[in-house]
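Bear in mind that the values here come from a model prediction, so they are computed numbers and not experimental data.
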2 protein chains.
Amino acid sequence: MESKNVRIKDIARLAGVSVGTVDRVIHNRGNVSPEALKKIMAVLNKTGYKPNLLARTLGSNKKFIIATLIPEPSLDEYWEQSNWGINEAREEWSHYNVDVRPYFFDLYDKNSFEKSAKMAMDDQPDAILSSPVFHQEALNFFQSFQNDSVPYVFFNNKIPEITPLCFIGQDFYQSGRLGAELLELISETPCTFVILHIYEDLHNSVHLAQKESGFMDYFSEMENKGIQTRSLEFCNHDEVTLEKDLLSLVSDPDIKGLFITTSKGTYLTASFLKKHNRQDIKLVGYDLLSGNIDHLKLGTIDFLIDQNPKKQAALGVNYLANYLIFKKGTPNEDLFPLEIITRQNLKTFLGSSIQSHLKSSAVLNNQSA
Amino acid sequence: MESKNVRIKDIARLAGVSVGTVDRVIHNRGNVSPEALKKIMAVLNKTGYKPNLLARTLGSNKKFIIATLIPEPSLDEYWEQSNWGINEAREEWSHYNVDVRPYFFDLYDKNSFEKSAKMAMDDQPDAILSSPVFHQEALNFFQSFQNDSVPYVFFNNKIPEITPLCFIGQDFYQSGRLGAELLELISETPCTFVILHIYEDLHNSVHLAQKESGFMDYFSEMENKGIQTRSLEFCNHDEVTLEKDLLSLVSDPDIKGLFITTSKGTYLTASFLKKHNRQDIKLVGYDLLSGNIDHLKLGTIDFLIDQNPKKQAALGVNYLANYLIFKKGTPNEDLFPLEIITRQNLKTFLGSSIQSHLKSSAVLNNQSA
DNA sequence: TTTAAAATTGTTTGCGCGCACATTTCAATT
DNA sequence: AATTGAAATGTGCGCGCAAACAATTTTAAA
């Protein structure tokens, strides 16, 4: 019915050379005469040779080290979920030739990033997975060893100046448009919508800016239905200041909806609205943090857009591992579908995040589904 | 830093026996003395031995056949997508010891199901993946070889009387609730919502009934906001009859929203609404068929719920392949997250269905992410 | 020419496992 | 005590490949 898979041995026989020479050609190791090369290439093309990845991995006992560099997960639920993803992939690959070594840094301390990055490099990793939340520091760091050709993959955050092997995350612009659409769908016009960036401090906000563009464009493109938009940044706020600022914001009776661009900001705002009994204001935010889940159930939050930090991180490791071991290419970027969470589908997302759908196998197929 | 992975040889050494005996214990082949068993088990547990799946697969040259049995894809866009998933998984596994053999039957001909099923069995497959759309016929068929212990996985459809190795699909009840919620979110009350089952004929509608329960329960649970519900079945309709029935339905001015439970019914209804300029009626339906995509873009359809037929099918193959080769267990059911598609996130779903997120490797990790 | 160095080619080993097969143990039967 | 055979245990090969290693041929310098 189907021909047996062609092996290196078969190639060698057909080309009239030994397996060693074939191996040299396959791996571009040089020291092959032009004639031999030509013959082997011909056979290789004719037979459509595909190496047996199982055997390849088994045979080579080279160990690969993948360093991961993300914010300390114990301090932040979002990064905790990323870390789950890393650990999951780590576990998957642990039996083979891949050693995933996690490094963490303090989300509020640029120095700690540099320190952890240095420690990671001391391990001489073969690849790096990182979420470069500190723009300038990450820029310095990753540029410094670009010539070392240590491949790296970014997730969650981009650095515009640098092109990693792959970026894994969302289409932030479209994400902003989606937030706008969701608010519009559930609100009565005319009214004012506010896009609100609530973040700790210091971290680069390229992706927040993109969300904002999307949000704004959405409304400016449509025929005027009497929707006003405002943009605000609450940065470096303590809770008291945040509450004060939010109070003054929602005192505007035209405001019917808020779009919060950060996951932590989402539940902070939800708590505020709940406390002041302003559930009339619609709220769209990000991610399945426990606080967000609670407020979604309560109805304080109307929609969540899931960034799926766990899956992002796990996929990052898988891409790199496949790249190292099987020389599989990665896409330049892998932008996840924008998943909308409501009260009624929440449960189905929680269930599957435990036993999720990256089910195929990290080692052999990198390719879609 | 980390101990080298423990091998069978190490187990044997630590337990003071030979690798052969360890092998017998690992595979429950019997013929092992109680003392040896005890010692080996102890070492096995202590070391947390995990077999090297690469080596295991490489060494054994047993070929497995997985038969897939679904409706003819050329006649139906939904099943075409399922078939993509099968082919993708088939390709992934083709280099190894798994041969996926697709069989098709006519969605409108029960006899053809029985015929194809028979043909599939003649191949003596080691496992079967199917979507049992014909209730009684599938029941007969799968019961007949239950004692042969050929494992089978269902996707898309369930048969209540039979428990397959795994069911892959949606939580239909919750799916109905989600449809209800989405309609409610975008409509102004008081009004009437209609849940509409439009299907060809004959196929078992257990999952449609569950969607209906969810839909109805959602509204009956909430405090009365003046929402009426109706349920209708348009079955075995030609286009003319369908149009007539729809016309009479939407002549009721209270009707502000429709929930269509089938993918094909969704674009048929959308076309109707478009043609008669009744885009004021909200429409929630199923799946990314091209007609549905068009009408979602146009705004005739407000929300689509994606059943992800491609991913369901691919995952089904992966589960079975992993089960056969690696003896990996499967969950009893794998219910996908209920994905909501709108105009603004549509693009992100289309992009990733081409190059989707079942990225890990089908062969080695079956385990989540 | 002779000879060493370089370039090219061929051979072998081992990765960890499954499985076929060989070997040993030991109790039951003669 | 000798024989048998089943139960228990041990050994060795091969899966396809990478890489170390060995052998051969070619080239260039003496």
Side-chain angles (χ1 to χ4, degrees), chain A residues 3-41 43-44 47 49-64 93-98 324-327 363-364, chain B residues 3-41 43-44 47-64 94-98 324-327 363-364:
Chain A
S3 61
K4 193 140 172 43
N5 266 331
V6 50
R7 304 156 300 173
I8 283 191
K9 196 191 293 184
D10 302 316
I11 303 288
R13 185 171 35 79
L14 291 171
V17 297
S18 74
V19 291
T21 308
V22 176
D23 183 68
R24 263 167 232 124
V25 171
I26 288 175
H27 294 90
N28 293 319
R29 277 197 248 282
N31 288 345
V32 173
S33 67
E35 312 90 74
L37 183 110
K38 201 175 140 201
K39 276 190 297 183
I40 292 171
M41 285 306 287
V43 176
L44 236 33
T47 57
Y49 170 75
K50 293 262 193 96
N52 182 321
L53 301 182
L54 297 173
R56 171 173 287 180
T57 317
L58 183 62
S60 103
N61 41 13
K62 172 154 178 47
K63 285 274 176 201
F64 291 103
W93 289 95
S94 67
H95 311 304
Y96 308 99
N97 299 324
V98 178
L324 292 174
I325 295 197
F326 302 133
K327 322 265 186 278
V363 178
L364 291 187
Chain B
S3 60
K4 193 143 171 37
N5 264 334
V6 50
R7 303 156 301 171
I8 283 192
K9 197 192 292 185
D10 302 316
I11 302 288
R13 186 171 34 79
L14 291 172
V17 296
S18 76
V19 291
T21 308
V22 175
D23 183 69
R24 274 180 281 273
V25 170
I26 288 175
H27 295 89
N28 292 317
R29 277 198 248 282
N31 288 345
V32 174
S33 68
E35 310 90 75
L37 184 107
K38 200 176 141 199
K39 276 189 299 183
I40 293 172
M41 287 304 288
V43 177
L44 237 33
T47 56
Y49 169 76
K50 294 264 192 93
N52 183 322
L53 301 182
L54 296 173
R56 171 174 290 181
T57 317
L58 182 63
S60 104
N61 40 12
K62 172 154 179 47
K63 284 273 177 203
F64 292 102
S94 68
H95 310 305
Y96 308 99
N97 299 324
V98 178
L324 291 174
I325 295 197
F326 302 134
K327 322 266 186 277
V363 178
L364 291 187

So which atom in [X] and which in [Y] form the shortest heavy-atom distance, rounded to 0.1 Å?
X       : Y       : answer
B:Ile40 : B:Val17 : CD1-CG2, 3.7 Å
A:Lys39 : A:Gly16 : NZ-O, 4.5 Å
A:Ala12 : A:Ser18 : CB-C, 3.7 Å

[X] [atom1] to [N] [atom2], straight-line distance once rounded to whole Å:
X       : N      : atom1 : atom2 : value
B:Lys50 : C:dC17 : NZ    : C1'   : 17 Å
B:Lys38 : D:dA8  : NZ    : C1'   : 18 Å
A:Glu35 : D:dT25 : CD    : P     : 15 Å
A:Ile8  : C:dT11 : CD1   : P     : 15 Å
A:Arg7  : D:dC15 : CZ    : C1'   : 9 Å
B:His27 : C:dG16 : NE2   : C1'   : 12 Å
A:Lys9  : C:dT12 : NZ    : P     : 13 Å
B:Asn31 : C:dC21 : CG    : P     : 16 Å

Counterpart residues, side-chain contact (heavy atoms from CB on, under 4.5 Å), relative to A:Leu14 (two or more places apart): A:Val43, A:Thr47
side-chain contact (heavy atoms from CB on, under 4.5 Å) partners for B:Lys9, two or more places apart: B:Arg7, B:Val19
Closest to the [X] side chain: [options]?
X       : options               : result
A:Val32 : D:dC17, C:dG16, C:dT9 : C:dT9
A:Arg29 : C:dG16, D:dT9, D:dA18 : D:dA18
B:Ala55 : D:dA18, C:dG16, C:dT9 : C:dG16

Neighbours of DNA chain D within residues 13-25 of chain B, by heavy-atom distance under 4.0 Å: B:Val17, B:Ser18, B:Val19, B:Gly20, B:Thr21, B:Arg24
From CD1 (B:Ile8) to OH (B:Tyr49), nearest 0.5 Å: 4.0 Å
Euclidean distance, A:Thr21 OG1 relative to A:Ile11 CD1, rounded to 0.5 Å: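 Separation between the atoms: 13.0 Å.
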Global bending angle along the helix from C:dT1-D:dA30 to C:dT30-D:dA1, which compares the axes of five pairs at either end, to 10 degrees: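 Between the first-five-pair axis and the last-five-pair axis there is 60°.
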Distance below 4.0 Å between [X] side-chain N/O and [N] OP1 or OP2:
X       : N      : answer
B:Tyr49 : C:dG16 : no
A:Arg56 : D:dG16 : no
B:Ser33 : D:dA7  : no

Salt bridge (Lys or Arg N to Asp or Glu O under 4.0 Å) partners of residues 19-37 of chain A, not counting sequence neighbours, each pair once: A:Asp23-A:Arg29
Flag side-chain contact, heavy atom, 4.5 Å: B:Leu44 against B:Ile26: yes
Touch class at under 4.0 angstrom, heavy-atom based, for A:Asn52 against every strand present: sugar-phosphate
Qualifying residues under salt bridge (Lys or Arg N to Asp or Glu O under 4.0 Å), relative to B:Lys50, sequence neighbours excluded: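 Salt bridge (Lys or Arg N to Asp or Glu O under 4.0 Å) list for B:Lys50, sorted by chain: A:Glu91.
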